Amino acid sequence: MAFSGNVSGTTFNALKVVDHAFRRCRLPAQAISGEMQSYALESLYLFLSELANIRTPSWCIDYVILPMYQNQQIVTLPLGTVDVLNLNYRQIQQLSGATTITSTAYTVNFTTATTVDTIGIKWGAAAVPVTFQVSTNGSSWTTVGTQSATAAAGEIVWTDISGALPYQYFRFTSTSPMTLTLVTLGNLPQEIPLGVLNRDGYVNQSNKVFPGRPATFWYQRDLPRPVVNLWPAPADYAELAQLVLWRHRQIMDTENLQQDVEVPQRWLQAIVDGLAAKVAAETPAVDAALIPMLEQKAAMSVQRAWDGDNDGSSIQINPGIGVYTK
């Protein structure tokens, strides 16, 4: 037998998803207009967005490091955040060494080999992309990471170095001039989980700007972006610490028919079946008698996809209240 030798290498972009969805509606290719493809793409967006209301897709869990500022108890979360899965307060051991600063480079000589796990940059002007590098001799450099976040003057951007190893020299460089207010290098991170408050628990705090080390938070689903309300409010030393967020985010937008849909291969059948049921309800040319069958098939496919979407770990049941709706 001759096999392809190719595993998961077949591309299945949005155009294929849309075309297969219309075929399930018994529509031939020549009957599919540009307008139909357009509203099918919008229906795909709605369908993928709706999945966030059911469970957390395993590929939509993000790790984000957030800064804190003195007396600012409200922290805005990244766009697309659906829920806070875990939120930890993290402290690092600060590092120091002989520092050389130019307009495009910040270099530190630690004298001995030192591991840099985390870098925090407080920008004095708009942030510019930087490249992190390490060296054993100060002349030959190896790139270990980059930072290209958008930040305004006075804002802090934290970056972790994955798989960091000890080197005597550390630097970050940019092709554009850098205006820096504070640079923090650290290692040996220690994280403390924050407790979760409901709205009443947070509102009933008599002094919401009481300064200290944040120990609890209330997650508020605001528009356009959700926020967490920390208590106590961050004290002055909080700018040297971080919030480590594990979040449930939305599935990435599919903006045109040439882009891939951000779902794993095992979910493609469910996405096609679900989209077919949705476009059938909006397309007059589809036989109305097909719609119940398409909806039933979609429900079965989506349920099978959810059943297979787990990490294989054991289940832990918490008898506490899972949702607060007051």
Side-chain angles (χ1 to χ4, degrees), residues 52 56 60-95 116-123 149 151-152 154-161 164 181-249 313 315-326:
T56 303
C60 291
I61 298 175
D62 273 358
Y63 169 84
V64 184
I65 309 172
L66 300 173
M68 289 177 287
Y69 304 96
Q70 183 177 3
N71 289 341
Q72 293 188 21
Q73 75 273 26
I74 298 177
V75 178
T76 302
L77 301 185
L79 194 65
T81 298
V82 177
D83 198 7
V84 173
L85 304 178
N86 305 93
L87 188 63
N88 295 347
Y89 179 93
R90 184 174 73 177
Q91 294 176 306
I92 56 175
Q93 176 177 284
Q94 296 178 51
L95 304 173
V116 178
D117 290 317
T118 302
I119 306 98
I121 303 175
K122 186 173 185 179
W123 292 95
E155 293 183 340
I156 305 171
V157 179
W158 291 96
T159 305
D160 282 353
I161 301 298
T181 300
L182 177 67
V183 175
T184 305
L185 306 180
N187 59 17
L188 300 178
Q190 297 290 322
E191 296 186 14
I192 303 172
L194 300 188
V196 183
L197 296 174
N198 57 40
R199 188 190 65 223
D200 283 348
Y202 179 76
V203 170
N204 290 337
Q205 299 291 344
S206 59
N207 185 352
K208 297 176 184 60
V209 294
F210 172 75
R213 181 187 67 77
T216 58
F217 72 95
W218 167 46
Y219 175 54
Q220 184 177 355
R221 286 186 167 95
D222 253 0
L223 288 176
R225 295 163 67 176
V227 301
V228 290
N229 300 265
L230 302 175
W231 192 90
D236 55 355
Y237 51 80
E239 291 195 0
L240 300 177
Q242 309 90 47
L243 288 175
V244 176
L245 167 69
W246 292 89
R247 66 165 184 153
H248 169 197
R249 63 160 174 85
S313 61
I315 297 175
Q316 296 182 352
I317 299 177
N318 184 348
I321 298 175
V323 178
Y324 181 80
T325 57
K326 181 175 178 181

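Numbers here simply count residues along the sequence, with the first being 1. Since we're looking at a predicted model, the values are computed, not measured. The figures that follow rest on heavy atoms only: side chains count, while hydrogens, waters and symmetry mates do not.
Side chain of Y219 to main chain of P226: no donor-acceptor pair is present (N/O by atom type, distance under 3.5 Å, no hydrogens or angles). Judged purely by atom type and a 3.5 angstrom limit, R90 has no side-chain atom pairing as donor or acceptor with the backbone of E191. The closest donor-acceptor contact from the side chain of Q72 to the backbone of Y69 lies at 3.5 Å or more, if one exists at all. For the pair T216 (side chain) and W231 (backbone), a donor-acceptor distance under 3.5 Å is present. With W158 contributing its side chain and V244 its backbone, the two residues share no donor-acceptor pair below 3.5 Å. Of the possible polar contacts, none joining the N229 side chain to the F217 backbone as a donor-acceptor pair under 3.5 Å is found. When atom types are taken as modelled, the side chain of K208 and the backbone of V203 share a donor-acceptor pair closer than 3.5 angstrom.
A salt bridge links E239 with K122: at least one charged nitrogen is closer than 4.0 Å to a carboxylate oxygen.
The neighbour count for Q190 CD, taken as heavy atoms of other residues, nucleotides or ligands under 6.0 Å away, does not exceed 12.
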Solution key, residues 79-86 side-chain donor-acceptor pairs under 3.5 Å, sequence neighbours excluded:
from, atom 1, to, atom 2, distance (Å)
T81, OG1, P78, O, 2.7
T81, OG1, R247, NH1, 2.8

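Distance check, rounded to the nearest 0.5 Å: CD of Q73 to CD of Q205 gives 11.5 Å.
Residues L243 and L194 have side chains in contact (heavy-atom distance under 4.5 Å, counting atoms from C-beta outward).
The two residues P189 and D117 come nearest to each other via the heavy atoms CD-OD2, 4.0 Å. Smallest separation of non-hydrogen atoms from A241 and Y89: CB-OH, 3.5 Å.
Scored by the salt bridge (Lys or Arg N to Asp or Glu O under 4.0 Å) test, D222 finds no partners at all (sequence neighbours excluded).
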